[in-house]
Amino acid sequence: MPEQKRLFLVDAYALIFRGYYAFIKNPRINSKGEDTSAIMGFMNSLLDVIKRERPDHLAVCFDKGGSADRVEMFEAYKANRDETPEGIRTAIPHIHNILKAMHIPIMVKEGYEADDVIGTLSRQAEKEGYKTYMVTPDKDFAQLVTENIFMYRPVFGGGYETWGIPEVQKKFEVDSPLQVIDFLGMMGDSSDNIPGLPGVGEKTAKKFIAQFGSMEGLLANTNQLKGKMKEKIEANGELGLLSKKLATIMLDVPVTFNAKDFELDHPDIEAVKQIFQDLEFRRLTENFIKTFAVSTDETPVEETKRNTISEQKPTRKETKSAGAGQFSLFETDLSNEQQVPLEHSRKTADTTSHFYQYINTNLATKLFLTNLMKQHSVCFDTETTGLNPLTAQLVGIAFSWEVGKGFYLPFPKDQKKAQELIEELRPFFENETIEKIGQNLKYDIKMLAKYNIEVKGKLFDTMLAHYLINPDMRHNMDVLSETYLNYTPISIETLIGKKGKNQISMEEVPVEKQTEYAVEDADITLQLKEHFKNELGEANTQKLFDDIEIPLLRVLAAMELEGINLDKGFLNTLSEQLNKDIASLEKSIYEAAGETFNIASPKQLGIILFEKMKLVDKPKKTKSGQYSTAEDVLSYLAKDHNIIQKILDFRGLSKLKSTYVDALPNQVEETTGRVHTDYMQTVAATGRLSSNNPNLQNIPIRTERGRQVRKAFIPRNDDYTLLAADYSQIELRIIAALSQEKTMIEAFKNGEDIHASTASKVFNVPIEEVTREQRSNAKTVNFGIIYGVSAFGLSNQTNLSRAESKALIDTYYATYPKLRNYISEQVDFARDHGYVQTVLGRRRYLKDINSRNAVVRGAAERNAVNAPIQGSAADIIKIAMINIYKKLEGGHFKTKMLLQVHDELVFDVYKPELEAIKTLVKTEMENAYKLDVPLDVDLGVGNNWLEAH
DNA sequence: GACACTGAGAA
DNA sequence: CTTCTCAGTGTCA
């Protein structure tokens, strides 16, 4: 049988995007600061294909200038697409150069997309007797598949699968690949901005194809549909036909398949090596040489193998994953276009040797404890029945102090026996000289506190460590493990099931599985610690870690365990009042609108206001095509239309009721009768804390009505009172100090009202003659500076026009010239170093600071200004919290610190201690950190949180 | 039940 | 113009 020639056509952008996003969590940046992720990702895929398949002919196809025809048909076509990321744009010229050096043809045609070029070439090659493989993950290509044209598709976890006619039939549930066009036209494609039929998703589209065969068939038979769906489809027939056209790949692009040009011959190895060297690719160079060292006329893949390309096992031995069947033909989920590194098949427990043992006899326990006490540093992880440490019970504890090894101590269900067992561990946990390592130790500490065990000694929390190393990333153990150890941990879902109906508790899992899971976590955490301890030193964040975040962890654990007392009865009466007011607003809104509808639905509201009542000629729309009913849009109309103010009031009161008044009483913990928030120490990129379940950092204060909620936060009993201590203007003081702006520093030193002072200088009037409006505008600019102002932003915030805003900002800078210097210095620093930092050296990396896209760059520049200010304030209050906590503990005060709200601390003060506490708190807060501007703290005392202000 | 979107609360 | 969390609606499953 004559050998049939094989042509591979590579969809360049698809692979480049895939490669780029594969590295998105830790982009490859070379010493020149170039982001080479996209180049590396693309080259990895290309070499991979060449190595596996040894094609006779190969070309790489690019888009150029978008599809003119499609834009003409539908102007929104691809319009919503995000700007091509910087890292990809810069990669393109490099990729072109590499391809040239490799003697691989680059196919582009102005005004056509790669899809069209590939489609056209594949049809031409088919006529000449070739088998064509389209290398792309993009499912749109399925429409091109014939007996001789295949998709060659990279799959999740590494490897490829080939889609021929049978695969396409099965995947899309169609008879012919051509129906894929109808399928895509119906369900639409948000990334290509193909609108599709409204209300039709993947499932419905498949149903329609089975029933009607095509878009036209569907539109001709809408009488067979019913309800809402029928109306929608009948109303959108044209949109459907247009969508189908947009989804159709063109086969008449003016390009020619010339077999000779497409031959994959020997690349200019030296030239490629040189380019790789410039880009600082080492592994890739080796890979490249290996790929081409074997001459390309090596025996081609045998025919039998070729038809089952997809079933080839990936080259790397350890490439085996828990996800079953991922290399089979039909598993790839259409809705799950995950983008992972092609070469990043990860290790798992199945592919890594380990020794995880559980301890189930008294003798083993004794031996284990003896051994445990001999260690200097131990990683542990508690397993519990739930996520709330106040209600959960211990199920077991895993320990590891040697990579790949560890022990699991299961706990009896009987809590008396559990307490007996934990007592045996007390000497370990309370040992001052054994270092304890963990991921999110705050949880374990709170859990153990329930059993009256205190965790003493040095701590190392891998989550906190990574937060300091890269605050912009996420810090789940799974993510950390995959990024830093290239290891996929057993997911908790495989043990207890997906959340929802059938999820079980950890204690119902067989102990062998508990062991594998729990010890693996401890093992991984131990390995991460080894990784991070060096990085902390490199970034110089060791001090921040040792002196701030780690000590703070204990403080937060204590605050969370303490909780705060809530006056449920008060909230109940408040709720009833709100109910009445909301009902009466509802009534008058319905009257004004002439019908009843759901006011809480922006969609229905938009239709009433702008279609029925036609309050405005050209209503603003949101990006999803609805009428915008946002606050700023409506308040603009409020003076002209009575109904608007009522709607705004309705919204305000509903929010108040649902989020605070009704929700808070349900958050009271039954066991303690108090509300226990959870402070997240590793989510805010600037270094702030965040609070949730419930969020006690956004309790209303600005409006009279909202403020009432604060009355519900009360002292624990009559012997106590609440103290609120807040830093006055801490962020402005920080920017004044850091910029050395003397005028502003003086104002603070003299104890002036800073906004009035600013207004007096900017508007050139004596401070006592500043009007309310002037002060208010000055205040907005002062805050604007902290956030990185623009005239545009300012005019949005105030009633000033863009020009007036600009003038105001200019005078502002003229008044405070050093501020302007400081801002540009921060931006320059970020450009040079790629990060900015706080007074304590907390870093925030700003990868977009040199972006060529002005919007993206602008955002990074504002971050460069804001992050050090907001972050320094966070640093300072954290120091104060640690010091105050120490004093409260050391002085055996009954007073407890309860809440932190960014620049405010709230205490439950034992009345006899009040005067001492006031002095203590004020002193510690004002002296937490020395700046060239005094820090000023306001104190308030009261029988509830509102009074304390 | 999960997810996207919108809107609104705080510093 | 910065940093967050939460609730309700609507849609697809």
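Letters go in sequence order (proteins before strands), and every chain restarts at 1. All figures in this text were calculated on a predicted structure; none of them were measured in a lab.
In the region residues 864-877 of chain A, proximity to DNA chain C at under 4.0 angstrom, judged on heavy atoms, holds for Asn866(A), Gln870(A).
Using a 4.0 Å heavy-atom criterion, one finds that Arg707(A) contacts no nucleic acid atom at all. Within the nucleic acid shown, Leu696(A) has no heavy atom closer than 4.0 Å to any nucleic acid atom. Thr780(A) comes within 4.0 angstrom of a nucleotide base, judged by non-hydrogen atoms across all strands. Within the 4.0 angstrom heavy-atom criterion, no nucleotide atom of any strand lies near Glu731(A). At the heavy-atom level, Phe783(A) lies nowhere under 4.0 Å from the strands shown. Using a 4.0 Å heavy-atom distance criterion, Val789(A) is classed as a base contact.
Out of dA8(B), dT5(C), dG10(C), the shortest distance to the side chain of Lys603(A) is found at dG10(C). Of the candidate nucleotides dA7(C), dC6(C), dA10(B), dA10(B) has the atom lying nearest to any side-chain atom of Pro700(A). In the set dC6(C), dA10(B), dG7(B), dA10(B) carries the atom at the smallest distance from any side-chain atom of Ile701(A). Picking from dC6(C), dG10(C), dT3(C) the nucleotide with the shortest atom distance to the side chain of Ala684(A) gives dT3(C). For Asn698(A), the side-chain atoms get nearest to dA10(B) when compared with the rest of dC4(C), dA10(B), dT11(C). The nucleotide whose nearest atom lies closest to any side-chain atom of Val683(A) is, among dA10(B), dT5(C), dG9(B), dT5(C). Taking only side-chain atoms of Ala663(A), from C-beta outward, the nucleotide of dC1(C), dG7(B), dA7(C) with the closest atom is dA7(C).
For Ser690(A) and dT5(C), the shortest distance from a side-chain N or O to OP1 or OP2 is below 4.0 Å. Residue Arg862(A) places no side-chain N or O under 4.0 Å from the OP1 or OP2 atom of dC1(C). Side-chain N/O atoms of Arg702(A) include one lying less than 4.0 angstrom from OP1 or OP2 on dA11(B). Between Thr659(A) and the phosphate of dA8(B), there is no side-chain N or O to OP1/OP2 separation shorter than 4.0 Å. Considering only side-chain N and O atoms, Asn863(A) lies nowhere under 4.0 angstrom from the phosphate OP1 or OP2 of dC1(C). Side-chain nitrogen and oxygen atoms of Arg688(A) include none within less than 4.0 Å of the OP1 or OP2 phosphate oxygen of dC4(C). An OP1 or OP2 oxygen of dC6(C) is reached within less than 4.0 angstrom by no side-chain nitrogen or oxygen of Ser658(A).
Across the protein-nucleic acid pair, Leu656(A) atom CG and dG9(B) atom P stand 8 Å apart, rounded to whole Å. Separating the CG atom of Leu605(A) from the C1' atom of dG8(C) is a distance of 14 Å, rounded to the nearest angstrom. Computed from coordinates, the Ile699(A) CD1 to dC4(C) C1' distance equals 14 Å when rounded to whole Å. The distance between atom CG of Leu648(A) and atom C1' of dT6(B), rounded to the nearest whole Å, is 14 Å. In this structure, CG of Leu578(A) is placed 16 Å from P of dA8(B), rounded to the nearest angstrom. Spacing between atom CD1 of Ile607(A) and atom P of dT9(C) amounts to 16 Å, rounded to whole angstrom units. Rounded to whole Å, atom C1' of dA10(B) lies 12 Å from atom CZ of Phe713(A). Rounded to an integer number of Å, the gap from Arg474(A) CZ to dC4(C) P is 12 Å.
Under the 4.0 Å criterion applied to side-chain N and carboxylate O atoms, Glu825(A) and Arg820(A) are not assigned as salt-bridge partners. Taking a cutoff of 4.0 Å between a charged side-chain nitrogen and a carboxylate oxygen, Lys847(A) and Asp472(A) do not qualify as a salt bridge. Ion pairing of Arg857(A) with Asp848(A) is absent here, as no side-chain N (NZ or NE/NH1/NH2) approaches a carboxylate O to less than 4.0 Å.
Residue side chain Gln697(A) does not reach the base of dC4(C) through any donor-acceptor N/O pair under 3.5 Å, judged by distance alone.
Annotation: salt bridge (Lys or Arg N to Asp or Glu O under 4.0 Å) contacts of Arg688(A) (sequence neighbours excluded): Glu731(A).
A donor-acceptor contact closer than 3.5 angstrom is absent between the side chains of Thr758(A) and Tyr812(A). Judged purely by distance below 3.5 Å, without hydrogens or angles, the side chains of Asp649(A) and Gln645(A) pair a donor atom with an acceptor atom. Between the side chains of Tyr727(A) and Glu926(A), not a single donor N or O lies within less than 3.5 Å of an accepting N or O. Side-chain contact check for Thr686(A) and Gln870(A): at least one donor-acceptor pair (N or O, by modelled atom type) lies under 3.5 Å. No side-chain donor-acceptor contact under 3.5 Å links Arg775(A) and Thr780(A).
In this pair, Tyr787(A) lays its aromatic ring flat on the base of dT2(C), centres within 5.5 Å and planes under 30 degrees apart.
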